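The structure appears right after this line, and notes come after that.
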Amino acid sequence: MSDPAFFRRDAAVVARDLIGARLLVDGVGGVIVETEAYDPLDPASHSARGPSPRNAAMFGPVGRAYVYRSYGIHWCLNLVCGCEPGSAVLIRALEPTDGLAEMQARRGVAVLRDLCRGPGRLCQALGITGALDHHPLDVPPFALQTRGDAIAVLPGPRIGITRGVDTPWRFVMAGSRFVSRTIAARQA
DNA sequence: AGACTGATATTCT
DNA sequence: GAATATCAGTCTA
C-alpha cells in the first residue's frame with residue numbers, strides 16, 4: 001500500500017523502512033533488499049538543480065514512481081517521497097519471489113541471484129520502463145506491501161556516484177545474498 | 001577478481 | 001564535448 005503518510009517522510013527514513021517490503025509489477029517481483037535515498041539538498045541527486053523534463057516526477061506527489069534512463073540504456077526505478085518536493089528512493093535490488101519464470105525469460109538468465117541485483121537488472125526483470133514514470137504505486141500494475149515489524153538493516157555509502165559519496169544513504173537487508181556485487185564484497 | 005570497453009539518453013559545461 | 005544513481009562482454013592473472 002502506498003499510504004501517503006509512509007512516503008511523506010525524509011528519504012533516508014523511507015529508504016530504510018522499504019527494506020523488507022514486497023514490490024510487484026503485474027504480479028512479478030520480490031522483497032526489497034537494497035535502497036538508496038536522494039533529496040534536493042544532495043549534490044548526487046537528480047533533483048539538486050531543480051526540475052527538468054526527466055526528473056519531473058520527483059517534484060510531483062509522493063507515492064509515485066520516478067523512472068529514468070541510466071547511461072542511455074537501462075531503466076531505474078525510484079519511489080517518490082519526502083516532506084518537501086524533490087526526494088526519492090532508488091530501488092537497487094530485490095530478492096526474487098514471484099514470477100520467477102517470467103523474470104528469467106526477460107533477463108535471459110536463470111540464476112536467481114542475478115535476476116534483480118542492480119537497478120537496471122531489476123527494471124528489466126519486472127518489465128519496468130519509462131511508461132511507468134509518474135505512475136501511482138497503489139495502482140496496478142504496481143503492488144507494494146510494506147512490513148509492520150522491525151527488521152535488521154545495515155546503512156552504508158552509496159554506489160556509482162561521484163558526489164555526496166560520504167552520505168551513508170544506502171540501506172541493505174542484513175545478511176541478504178541478493179544485494180549488489182560491490183556491497184557483498186565490502187560486507188565480507 | 002579486477003580492469004577495460006561499448007552502448008547511448010539526458011543533462012551540464 | 002563530457003559526465004552520468006549501469007550492465008555485459010572480454011581480456012589479463
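Since the model is a prediction, treat every value here as computed from it, not as a measurement. What you see below is based on every heavy atom in this structure, not just the backbone, and it leaves out hydrogens, waters and symmetry mates. Residue numbers start from 1 in every chain, and the chains themselves are labelled A, B, ... in the order their sequence lines are given, proteins ahead of strands.
The phosphate of B/dT10 (OP1 or OP2) has no side-chain N or O of A/S52 nearer than 4.0 angstrom. The side chain of A/R69 contributes no N or O atom lying less than 4.0 Å from OP1 or OP2 of C/dA5.
A/L90 comes within 4.0 angstrom of a nucleotide base, judged by non-hydrogen atoms across all strands. No contact: A/R163 has no heavy atom under 4.0 Å from any strand.
Smallest separation of non-hydrogen atoms from A/S47 and A/G86: OG-O, 2.6 Å.
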ask   = Between A/S176 and A/E95, does a side chain to side chain donor-acceptor pair (under 3.5 Å) hold up when you go through it step by step?
value = CA-CA 8 Å; A/S176 175; A/E95 175 178 347; 4.8 Å; no
request  = Please step through side chain to side chain donor-acceptor pair (under 3.5 Å) for the pair A/Q124 and A/R106, ending with a clear verdict.
outcome  = CA-CA 7 Å; A/Q124 186 183 18; A/R106 286 174 177 152; over 6 Å; no
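When the C1' atom is used for both C/dA8 and B/dT10, the distance is 22 Å, rounded to whole Å. As rounded to the nearest Å, C/dA5 and B/dG2 have P atoms that lie 23 Å from one another.
The CG atom of A/N78 lies 11.0 Å from the OG atom of A/S87; values are rounded to the nearest 0.5 Å.
When the side chains of ILVMFWY residues are joined at heavy-atom separations under 4.5 Å, either directly or via intervening members, A/L137 and A/V33 end up in a single hydrophobic cluster.
Among the nucleotides C/dA8, C/dA5, C/dT4, the one closest to the side chain of A/R107 is C/dA8. Ranking C/dT6, C/dA5, C/dC7 by closeness to the A/S70 side chain, first place goes to C/dT6. Distance from the side chain of A/R49 is smallest for B/dT13 among the nucleotides B/dT13, C/dA8, C/dC7. Taking only side-chain atoms of A/R54, from C-beta outward, the nucleotide of B/dC12, B/dA9, B/dT10 with the closest atom is B/dT10. Of the candidates B/dA9, C/dA8, B/dC12, C/dA8 carries the atom nearest the A/R121 side chain, counting heavy atoms from C-beta on.
Comparing A/Q124 and A/Y66 by the nucleotide of DNA chain C whose heavy atom lies nearest to each, the residue mapping closer to the 5' end is A/Y66.
Lacking a ring centre under 5.5 Å from that of the base six-membered ring together with a plane angle below 30°, A/Y71 does not count as stacked on B/dA9.
Between A/F142 and A/H135, the ring-plane angle classifies as tilted under the 30° and 60° cut-offs.
Look at C/dC7: its Watson-Crick or wobble partner, with both distances under 3.5 angstrom, is B/dG6.
Atom-to-atom, CD1 of A/I161 to P of C/dA5 comes out at 7 Å; the value is rounded to the nearest Å. Rounded to an integer number of Å, the gap from A/L77 CG to C/dC7 P is 13 Å. Taking atom CG of residue A/L79 and atom P of nucleotide C/dA5, one finds them 18 Å apart after rounding to whole Å. Across the protein-nucleic acid pair, A/N55 atom CG and C/dT4 atom C1' stand 14 Å apart, rounded to whole Å. The distance between atom NE2 of A/H74 and atom C1' of C/dA8, rounded to the nearest whole Å, is 8 Å. Rounded to whole Å, the distance from NE2 on A/H46 to P on B/dA9 is 16 Å. Straight-line distance from the CZ atom of A/R158 to the C1' atom of C/dT6: 16 Å, rounded to whole Å. The CG atom of A/D114 sits 8 Å away from the P atom of C/dA8 (whole-angstrom rounding).
You won't find any donor-acceptor pair under 3.5 Å spanning the side chain of A/Y68 and the base of B/dA9, going by distance alone.
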